[in-house]
Amino acid sequence: MDETVAEYIRRTVLKIPRDEIKTMLQKWGLLSETQLQTINFRQIKENISQDVVQLCEEISADIKQAAVLDIIYNHVYPNKRVWSVYQMKKTGEETEFFDLTDFKKKFKRRLRSALKNVTINFREYEDNAIWIRIAWGTPYTKPNQYKPSYVVYHSQTPYVFISASVLKSNLPLLCQALVLASNYHDIREMELRSHSLNSLKDIVFKRYSQNFQTHYPRPLQERNVAPESADLRIIEENKNEKERIERVNREVFGDGPQPKLEFAQYKLETMFKSDPQMDVLDKKEPFRCLVKFSSPHLLESLKSLAPAGMADAPISPLLTCIPQKARNYFKIRERKHFFPGSFVSP
Amino acid sequence: MESVEGVARTLLSFGRLSRGLPFGRAHGLSSRDPLLPLAPRSQENADPQRTAFLLRKQWTLYSVTPLYRFSNAHLRDYARLLSAFIAAEKQKGLAVEVGVELDIKVAVSSLPYLKGSDQDQAAILVQLSSRSPASPKNSEEKLIWSGWFCCVSGDDISKNVPEDFTCLPLFLVNGAECYTSIVGSWFQKTFDCSFRRLAISPLILSWMAAMWTGCKVDKTASAIELVFSVPCLPQPLDISYAIHPEDAKALWDTVQKTPGEIIQEEVDVFMDCLYSHFHRHFRIHLSATKLVKVSTAIASAHCDGIIKFLQSQYLTGVLMLLTELAISQIE
């Protein structure tokens, strides 16, 4: 077995948390149960990985087989990567029958005709998700297995989730291959990026609970209202305002859990407007700013701002539109109307 | 806003800050560029070559009470004593990064060009370098820790201090915490002084944002970035608000009206303008969040008392401000 394959297997096993190693090796299926039983999974990881490599040597595993373990690892821990979302476009309306074999054949053919040195692996999962792993080389060097790109394609949808490696130059070729293989005619990158692959899926597949477009006041009895304090000396101040804030907040954000995003970025190219009395800047050119919000769970964080008194209720639609518009990168320019407070985002 | 209309308001605990930067006033300049550096008369210029090693590094700030019986003439001795102290601490099992066997060399030197006025003490630099015992005798030593004491335009404190004391109220550190505490302990024991971390309040950070926005920079300046933190939510939130330097400066230039000095009211108006522009778009009240970091082309400062100098021509100006902060913390 090639030394590079051995090293790759060793390093891949080392990434896996010790308690998960046995399960992942079983999913991998390359080593038999009998072989797996010879490994002591309670020793330190360095030794476990050496044992695994040893067993792989005995069956002369190749790089393609080793790569499958990497796919399995990334499928279980997708949040270690940053994913971007792409949308493909078709000319006609017909939904053609998706032929997986045909897809794989065309995809490989397109990549290989441009680049001799690539390692391509496919793995299908239950939810119609096709995972593709591509390790890129050059005409003169072997594929770099440590910087692969990942593609997750749900064949019943026009959406593709890509976690490109650092080698961004291969992105156009990858997109081309996807479009060709899936019988679409175009692909565009959406302004939507996150570590949480499932949240990205929730957003584009509209699997989160969306906010109401209407504004009826909901009867208070519908909600779980905390029981009134028995002590009549305790009065809640601003009770009406607090309730209004809660209600409006839930209308704009929706009731259910928010999709998990880590950041949103706004490039502002709007005018600076001030109170004329203040006698400050009055330029005819945009006041250029770049605003970035970040949080372990951005939308939940933004949702809690108004109740905490740090934002108005309703908070700006620039923030609440993130799931519907399926984007977290925006460029905001002034709307050419007479309404001073309105914005357009292209 | 608490400021009384039409009355210039001085910062409560920093009476001196409101007079703007002494450079401007002391030399009779009514400059709109308050950090215009003027070479202190009897000193050599802080020439960019010599201060280059201070730039683009992260320095943690401390205030230091006056040192008793410290003398510039004994720097070599201090280096020797400190070196012995570190070796002793190592024997005790403290002071070292785990698993690392290092031979530590101490150098203490004076930086006479880092001063604001003649009354200031020359800055003192302490450097720890290491050489692994395995490598050959003449191999290069690696700098592992730097700390420097300085006093830039600290006239107010140096005037009031008895003869045996040396005023170097500002201490800046770059390097591992374990070495900082050893060097700090030695200075405390030897010169009967005490160190305290210097925090930078949101109020001072907004002064820095305003002052540094107004500075002229030669090359293309980087953005003015303000970082706000909202930690007490169920999910913490950080907001980075970066403004194009030309646009920020244009705003500041229309706000800053008093020649040769900056007053609290101007800083407030500047910040309010930025907050209201933000509110217009996002309906979030930035004034209710905590300003934790300010970055400009001149320098960047973090509320935990961490500074990075980015332009040598403004180094002394920033040090002057930090010296004032240190002095206020001591008093």
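Bear in mind that the values here come from a model prediction, so they are computed numbers and not experimental data. Note: hydrogens, waters and symmetry copies are ignored here, and every other heavy atom, side chains too, is used. Residue numbers begin at 1 in each chain, while the letters A, B, ... track the order of the sequences.
A salt bridge is absent between B:K257 and B:E261; no separation between the charged side-chain nitrogens and carboxylate oxygens falls under 4.0 Å. Ion pairing between A:R11 and A:E7 holds under the 4.0 Å rule for side-chain N and carboxylate O.
Among residues 75-86 of chain A, no residue has any heavy atom closer than 4.5 Å to a heavy atom of chain B.
Using a 4.5 Å cut-off between heavy atoms, B:V230 touches chain A through its side chain atoms alone. Of the atoms belonging to A:P286, it is backbone heavy atoms, and not side-chain ones, that fall under 4.5 Å from chain B. When heavy atoms are compared at a cutoff of 4.5 Å, A:L319 approaches chain B solely by way of its side chain, counted from C-beta outward. At a 4.5 Å heavy-atom cutoff, the contact between B:F278 and chain A is made by side-chain atoms alone.
The aromatic rings of B:F282 and A:F293 lie perpendicular to each other, with more than 60° between the two planes, well past the 30° mark.
Counting non-hydrogen atoms of neighbouring residues, nucleotides and ligands closer than 6.0 angstrom, the CZ atom of A:R188 exceeds 12 such neighbours.
In this structure, the ring of A:Y266 has its center no less than 6.0 angstrom from the ring center of A:Y329. Ring centers of A:F287 and B:H277: under 6.0 Å apart, within the cut-off.
B:K290 and B:P202 get closest at one heavy-atom pair: CG-CG, 4.3 Å.
In terms of heavy-atom pairs under 4.5 Å with chain A, the best-connected choice from B:S287, B:A223, B:A248, B:S240 is B:S240. Heavy-atom pairs under 4.5 Å with chain B were tallied for A:S304, A:A308, A:S316, A:P307; the largest tally goes to A:S316.
Atoms NZ and CG, from B:K57 and B:N174 in turn, are 5.5 Å apart once rounded to the nearest 0.5 Å.
With a 4.5 Å cut-off on side-chain heavy atoms, B:T289 and B:L237 do not count as touching.
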